[in-house]
Structures are given as C-alpha cells and as structure tokens.
Amino acid sequence: MNKILLILLLSVLFSNCGESYKYKTEPTSAFKKIIFHTSECFGTCPTYHLEIDSDKRVKLYAEKVYKDKIGRSYEIDSTKVGYFTGFAKDSIFLALNKETKSIGLENIEFDGVSCCDGSLKTIIVYYDGKKKILQSMFPPEEANNLIKILYEICDKSELERTTKFTIENYKK
C-alpha cells in the first residue's frame, strides 16, 4: 500500500513539474526581426543594410565594402558588394539571440549623435509586438557586442548573391 501511495505521489509531483516547465520555457527567439544599417564615413567604413528574422533568414545589401581594411585601401571589393540572401549559422544566431535577450531592449537608448566622422549605426528591433529604433555614430558600450555580432553576420555569412530587394530604412 505504501508503495502505491509513493508511486501516486511521485507521479503527481512529476506531472506538475512537467506542466511548470512547459509554461516557463523561453521563446526560441528574443526578436521577430532585426534591421541593421551602417553608413559610410570619411574612411573605409563599409555600408551595410541587413535584415535577419527569427527564422534565421538573412537579407544583406552590401552597398560599399573595401578590399583592405587594415591598409586603408579605398578600393571597393566588388565580390562583397551586392544583394545576398541565406540563413545565419546556428552559432551566430544563438549569439545574436542571447545578446538581444541580455541587452535590455526596453531600457537601452542610443543618443542619436550623427555629427562627426564615424559610421552611423541604426538598429531596428521588432520584439514582443513592439518596435525599437536605436541610432547613433557612437552607441553606448552595452550595445558593442550586439553590433559586433551584426557586423559578423555582414562580414562572414555564407550568403548567396541574389536580385535586388528592399530593407526597411529609418533616418532621423
């Protein structure tokens, strides 16, 4: 009799744990879509227009990319310029998702500075039914990892060249 009571008690406990776990799981993505734009500068800053969604689909318009970033060459790399589509690698997408969750989208703000010699960075994030627009030449330090990951998608993604498309833009 004690064994039966113990089995019943354990089955109730485990079934409740399963239900709790089911409702506490996090969504697979912290965002629905991220759009990232960079502008040119007085040097060799690349000009990118990137869109990535929660299904890992990537659209990239690389408007201007220079051949040699280290040597300050002003020669355009035509192999990296154009319209590209594909999917983000799992490791990059996971890093982007993790960073988007930890950055504090509700509270982070960019100062909107666009005065000087630097690339204007614009990030538009769709999440939880909301749209957040962040724009500055000098984003806050807490956004550095997010921006680094977005540049990595632009620079190192294995995307296929495609025909022209549009990506949402925002200018203050």
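Throughout, numbering of the chain's residues begins at 1 and tracks the sequence. All values below come from the heavy atoms of this structure, side chains included, with hydrogens, waters and symmetry mates left out.
- Across all their heavy atoms, Thr38 and Lys121 have their closest contact at CG2-CG, 4.4 Å.
- Minimum heavy-atom separation, Cys41 to Asp117: CB-OD1, 3.4 Å.
- Ring-centre distance between Tyr61 and Tyr83: below the 6.0 Å cut-off.
- By the 4.5 Å heavy-atom criterion applied to side chains, Tyr66 and Ile76 are counted as neighbours.
- For the pair Phe110/Pro140, a side-chain contact is recorded, criterion being any heavy-atom separation below 4.5 Å from C-beta on.
- Distance check, rounded to the nearest 0.5 Å: CD1 of Ile103 to CG of Asn144 gives 9.0 Å.
- In this structure, Glu109 and Lys132 have side chains that are in contact, with non-hydrogen atoms separated by less than 4.5 Å.
- Here the CD1-CG distance, from Ile153 to Leu159, works out to 9.0 Å after rounding to the nearest 0.5 Å.
- Cluster annotation: Ile133 is not connected to Leu120 through the hydrophobic network of ILVMFWY side chains, with a link wherever side-chain heavy atoms come within less than 4.5 Å.
- Asp128 places no side-chain N or O within 3.5 Å of a backbone atom of Lys130 that could act as its donor or acceptor partner.
- What you find for Ile52 and Ala88 is that their closest heavy atoms are CD1-CB, 3.7 Å.
- Ion pairing between a basic and an acidic side chain is recognised when a charged N comes within 4.0 Å of a carboxylate O; Arg57 and Glu51 show no such pairing.
- Annotation for Lys32: atom NZ does not count as buried by contact number, only 12 or fewer foreign heavy atoms lying within 6.0 Å.
- In this structure, CZ on Phe36 lies 11.5 Å from CD1 on Ile167, to the nearest 0.5 angstrom.
- Asn97 approaches Ala30 most closely through the heavy-atom pair OD1-N, 2.5 Å.
- Contact of the Leu96 side chain with the Leu146 side chain is registered, since non-hydrogen atoms from C-beta on lie closer than 4.5 Å.
- Note that the CD atom of Glu99 and the CD1 atom of Ile149 stand 5.0 Å from one another [nearest 0.5 Å].
- Here the closest non-hydrogen pair linking Phe165 and Leu60 is CZ-O, 3.4 Å.
- Atom NZ of Lys80 sits in a sparse spot, with 12 or fewer heavy atoms from other residues, nucleotides or ligands closer than 6.0 Å.
- Thr122 places no side-chain N or O within 3.5 Å of a backbone atom of Asn169 that could act as its donor or acceptor partner.
- The nearest pair of heavy atoms linking Pro139 to Ile147 is CG-CD1, 3.5 Å.
- Hydrophobic clustering, with ILVMFWY side chains joined whenever heavy atoms are under 4.5 angstrom apart, keeps Met137 apart from Leu150.
- A donor-acceptor contact shorter than 3.5 Å links the side chain of Ser119 to the backbone of Ser39.
- Of the possible polar contacts, none joining the Asp53 side chain to the Lys33 backbone as a donor-acceptor pair under 3.5 Å is found.
- Contact of the Tyr48 side chain with the Asp155 side chain is registered, since non-hydrogen atoms from C-beta on lie closer than 4.5 Å.
- By the 4.0 Å N-to-carboxylate-O rule, Asp90 lies close enough to Lys56 to be salt-bridged with it.
- With contacts defined as side-chain heavy-atom distances shorter than 4.5 Å, the pair Ile34/Ile123 qualifies.
- Screening Tyr127, Tyr126, Phe93 for a ring pair (Phe, Tyr, Trp, His ring centres under 6.0 Å) involving Phe31 leaves a single residue, Phe93.
- Distance check: Glu158 CD to Phe84 CZ gives 13.0 Å after rounding to the nearest 0.5 Å.
- Between the side chain of His37 and the backbone N or O of Glu168, at least one donor-acceptor pair lies under 3.5 Å.
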